Structure formats: structure tokens, C-alpha cells
Amino acid sequence: MFLAVARHRSFRRAADELGCTPSAISHGLRALEERLQIRLLNRTTRSVALTEAGQRLHDRIEPAFRDINDALDDLNIYRDQPVGSLRLNAAHLATQMVLLPLALRFMQQHPQVTLEIIADNALVDMVSEGFDAGVRFGEVIAQDMIAVPIGPRQRSAVVAAPEFLARHFTPSAPEELRTLPCLQLRFASGRLYDWEFERGGIEFQVAVQGSLILGDQGHILQAALAGMGVAYLFEMQVEQHLAASRLVRVLEDWCPYYPGFHLYYPSRRQMPATLRAFVDFVRGERTVST
């Protein structure tokens, strides 16, 4: 219980992980502190934080519990199928486009695995947050992580609704986007995304303008379909809407390809059997698709 609260900084999220109630967590931690005769947590109505003693205890026992979990996970070699939990963190777009379809097929082959996917556009500390792996674009993954390509290459697509272009004009060069209402994307970090273009080996960015700013590309797609502006999305997101003429593609010759999403995880002495099975599954799927 103590390690779960320390990991999540929340009694509620710790209770969700352990399958009990927040009050049970609270009573358990209070009993631990009384037995040790020292305060481990500072609690307020809004936050939970480790005391200096609590941090020291956490740093000493967390590696030992990890070794225990690894030892229990080693028992999977005596089973035909891996058993246990697998926690993945991925951006919303990655979850929708590549991770969830793969995960559903994986679960059909490994029904004894409990898989949890948390969709979150913010980059998280995977180890401290208790995740086994994550899915992000390759360029944002830290150098000390092991990364495996998941899904195909992605290509950007600049699109707008036909009625929007009829009210304004169809741009013939990226610079003309500065005079059109564009649907802007704000990252979780607070930074606005500058649209990326490439032609003839020359790469450049355009800082677009627009009165609607959103933090999720799925919402941007909805706004584009409603005729609210020009959108910068990915081909896989819009291909059905293009085929049905609900959207029109512009500046196609300027849209670059990206390496695509990667499954990434920390280098560990012993990889959990559930994660090993999922990595092998992802690699196998990629081999079949290529």
C-alpha cells in the first residue's frame, strides 16, 4: 500500500491499482506509521507527499519489491501463456491509431493477461508512475529507452471541409496558411505546434493562426469536419473522410512522412513476461505487415 501511494501520490489511484477502497489504504498506512512510530506521508485534502523518512524508506524498499515481482514473474516460464498485468501509457492519437487495435489482437492470444492502457498526451516518468511501456513518436523518446517500431510510417495531411474552402480559398503554398483560419494544436507542455512541411529536401515550419485552439487531434478533426478551419492531421485519421468528400486535402506535395509510433520501455535486468510477450507480438505483427 505504501509503495502504491508513493507511486501515485494519491490514495484513490493507489486504491484503484490494488482493488480496494481509499479508506482501506488510509487505515493501512496509518497502522504502518503507528507501528514504525514515524510519519511517512504528509496528507492534505488536495495532495499526498512523502516525508523525508517516507522518501528514504521508499528508496530502500522499492528495489527489493521490484526484485520480488521479478522473481514471481519468472514463474511464467512454467506456463504455456504469460499471466499477470501489463500497464501501457500512450498519447491519445497513438492509442486510437495503432495501440488499441494491436492490443485487442494481443488479448485474444493471451487471455490471462490483464492489460491497462492510459491515454495521456503528456510525457510521463514511466518508472515512477508504474508503467511497463509507452507508445510515442520516436523523436520524443528518451535516449535511455529501448524503442520498437509499432505500426506503419505516418504522413501528415492538411485538410479542410469543402464549404470552408468555398468561403475562403484553396492555398497553393504553406505560407498562404498564415492568412487562413487554422485549427491550432497546443501540447500538454503549453507550446503551440508549428506545422511542419518538406519539399525538395528542404524542411521548414509555419506558425499558423486561428481563433480555435485545441489540445487533442481528435477534437481538431471534429472541428475541421464542422468547417471551422484548416487542420494539420495524419493520413490515417482522415482517409475515410477524404474518400467520402467530407474533407478536401491541400498542399499534399508539401506533407512529410514521419517514422511513426514506437513502443518504448526501460532497459531492465529482467523484463516482465507480459511485456516480453507484447514486445514479441508487436515485432511479429510488424514482420507480417512488411
Side-chain angles (χ1 to χ4, degrees), residues 4 7-8 13 16-20 65-121 123-142 144-155 217-218 234-237 239-240 257-290:
R7 180 161 54 248
H8 295 291
R13 290 198 294 270
D16 290 341
E17 177 186 329
L18 298 177
C20 59
F65 272 79
R66 191 185 309 133
D67 286 342
I68 292 171
N69 288 331
D70 287 343
L72 293 173
D73 192 71
D74 282 346
L75 296 177
N76 273 306
I77 64 175
Y78 298 104
R79 301 187 179 102
D80 294 332
Q81 295 284 341
V83 176
S85 61
L86 180 63
R87 297 188 76 234
L88 304 176
N89 181 284
H92 289 279
L93 185 63
T95 301
Q96 174 190 351
M97 293 175 61
V98 296
L99 179 56
L100 189 56
L102 274 174
L104 296 177
R105 294 196 294 274
F106 173 78
M107 293 295 290
Q108 291 175 348
Q109 294 186 19
H110 301 281
Q112 295 181 346
V113 173
T114 299
L115 177 60
E116 180 179 4
I117 299 174
I118 302 298
D120 187 351
N121 287 335
L123 287 172
V124 300
D125 186 327
M126 185 183 307
V127 176
S128 66
E129 294 292 332
F131 291 103
D132 296 297
V135 178
R136 293 291 190 281
F137 276 117
E139 59 263 28
V140 303
I141 298 174
D144 60 346
M145 292 285 173
I146 298 174
V148 178
I150 179 171
R153 286 198 309 165
Q154 301 292 335
R155 191 187 184 196
Q217 287 182 300
F234 287 97
E235 284 183 337
M236 286 183 64
Q237 289 178 279
E239 54 189 3
Q240 293 183 350
Y257 283 92
Y258 296 89
F261 296 105
H262 286 67
L263 175 73
Y264 68 101
Y265 52 92
S267 176
R268 291 181 56 179
R269 179 169 49 85
Q270 292 176 296
M271 185 189 299
T274 51
L275 177 57
R276 186 184 307 113
F278 188 68
V279 171
D280 291 343
F281 178 82
V282 168
R283 286 177 169 148
E285 288 273 313
R286 182 169 177 81
T287 300
V288 170
S289 64
T290 54

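Just the heavy atoms: all of them, side chains too, but no hydrogens, waters or symmetry mates, feed the values below. Please read all numbers here as calculations on a predicted model, not as lab measurements. Along the sequence shown, residues carry numbers from 1.
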Considering all heavy atoms, the nearest [X]-[Y] contact:
{"X": "Arg283", "Y": "Val148", "answer": "NH2-CG2, 3.6 Å"}
{"X": "Ala103", "Y": "Leu115", "answer": "CB-CD2, 3.5 Å"}
{"X": "Ala90", "Y": "Thr95", "answer": "CB-OG1, 3.4 Å"}
{"X": "Pro152", "Y": "Val98", "answer": "CD-CG1, 4.5 Å"}
{"X": "Ala94", "Y": "Val135", "answer": "CB-CG1, 3.7 Å"}
{"X": "Ile150", "Y": "Leu263", "answer": "CG2-N, 3.4 Å"}

Worksheet item: Is there a donor-acceptor pair under 3.5 Å between the side chain of Asn121 and the backbone N or O of Ala91?
Response: no
Worksheet item: Would you say Arg7's side chain and Gly130's backbone share a donor-acceptor pair under 3.5 angstrom?
Response: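 No; judged by distance alone, with no hydrogens or angles, the pair does not exist.
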Within this structure, what is the [atom1]-[atom2] distance for the pair [X] and [Y], rounded to the nearest 0.5 Å?
{"X": "Gln237", "Y": "Gln217", "atom1": "CD", "atom2": "CD", "answer": "5.0 Å"}
{"X": "His110", "Y": "Thr274", "atom1": "NE2", "atom2": "OG1", "answer": "10.0 Å"}
{"X": "Phe261", "Y": "Leu93", "atom1": "CZ", "atom2": "CG", "answer": "4.0 Å"}
{"X": "Arg105", "Y": "Met107", "atom1": "CZ", "atom2": "CE", "answer": "14.0 Å"}
{"X": "Asn89", "Y": "Arg136", "atom1": "CG", "atom2": "CZ", "answer": "4.5 Å"}
{"X": "Tyr265", "Y": "Met145", "atom1": "OH", "atom2": "CE", "answer": "11.5 Å"}

Worksheet, complete the sentence: Given the options Leu88, Ile118, Ile117, Phe131 meets side-chain contact (heavy atoms from CB on, under 4.5 Å) only with Ile118
Worksheet item: Going by the angle between their ring planes, with limits at 30° and 60°, are Phe281 and Phe278 parallel, tilted or perpendicular?
Response: parallel
